[in-house]
Each structure stands twice: as C-alpha cells, then as structure tokens.
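Notes for the one structure printed next.
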Amino acid sequence: FNHSQFITTTMKDLRNLRNIGFIAHVDSGKTTLTEEVLFIADAIHRRGRVDNGTTVTDNSPEEQARKITIKASCVKFFWSASLNPSEEGE
C-alpha cells in the first residue's frame, strides 16, 4: 500500500467534489430542482415528478402517497466540467 499515492489521488479527486444543499420553504420546488440537476448531469434518464411519486429522493411509500418530502435525502452523482456554464466558450 502506497500511502502517499493514496493521499495524492484522494486529494485530486476532492478538488472536483462539491456538496450542494437545497434549503427552502415547503412546496418551493426543492425535489423538482434535485430531479432537474440529476437529469442535466445524466444521473437519471428522465425526470421524476412529485405528483406521480417517481422522484429519486421521495422513495418511501408514505412520501409517495402524501406527495411530500418527509425526510432529508442525499444523492451522489458526477458533474462534468463541460456542464459548467462559466466555462462555456473557453
């Protein structure tokens, strides 16, 4: 095991890591925004809908039946630098 190589590789990977949280009032569109971000990043092939109970983050039967988010959720996905609007045209 090469400890220094592991640390270097891990730090390189962390340079591309982003933690994003969506915090807002009830019914403001946090789950819909999450679906859109996942769709744009190609993490999902179609957007789920809260009203249909097909979102990635509202996956408990109670959330789907009540059409609301009850618990906090985390999703992991890869974001390509080519999706960054600030780098377009460079």
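- Annotation for Ile23: atom CD1 does not count as buried by contact number, only 12 or fewer foreign heavy atoms lying within 6.0 Å.
- No donor-acceptor pair under 3.5 Å is formed between the side chain of Glu36 and the backbone N or O of Arg47.
- For Asp27, the CG atom is loosely surrounded, since the number of other residues' heavy atoms within 6.0 Å does not exceed 12.
- For the atom pair OG1 (Thr57) and CG (Leu38), the distance works out to 8.0 Å, reported to the nearest 0.5 Å.
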Evaluate the criterion side chain to side chain contact (heavy atoms under 4.5 Å, CB included) for residue pair Val37 and Phe77; output intermediate values, then yes/no. CA-CA 10 Å; Val37 169; Phe77 62 95; 3.5 Å; yes
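- Between the side chain of Thr54 and the main chain of Gly48, no donor-acceptor pair closer than 3.5 Å is present.
- The distance from the CD1 atom of Ile68 to the CD1 atom of Ile70 is 4.5 Å, given to the nearest 0.5 Å.
- The main-chain N or O of Ala24 is found under 3.5 Å from a side-chain atom of Lys30 such that the two form a donor-acceptor pair.
- When atom types are taken as modelled, the side chain of Glu35 and the backbone of Thr55 share no donor-acceptor pair closer than 3.5 angstrom.
- Partner Phe39 forms a side-chain contact (heavy atoms from CB on, under 4.5 Å) with one of Thr34, Ile44, Val56 and no other, that one being Ile44.
- Note on Val75 and Phe22: same hydrophobic cluster, where clusters join Ile, Leu, Val, Met, Phe, Trp and Tyr whose side-chain heavy atoms are under 4.5 Å apart, directly or indirectly.
- Here the straight-line distance linking atom CD of Glu62 with atom NZ of Lys71 works out to 11.0 Å at 0.5 Å rounding.
- Once rounded to the nearest 0.5 Å, the distance linking CD1 of Ile20 with SG of Cys74 reads 11.5 Å.
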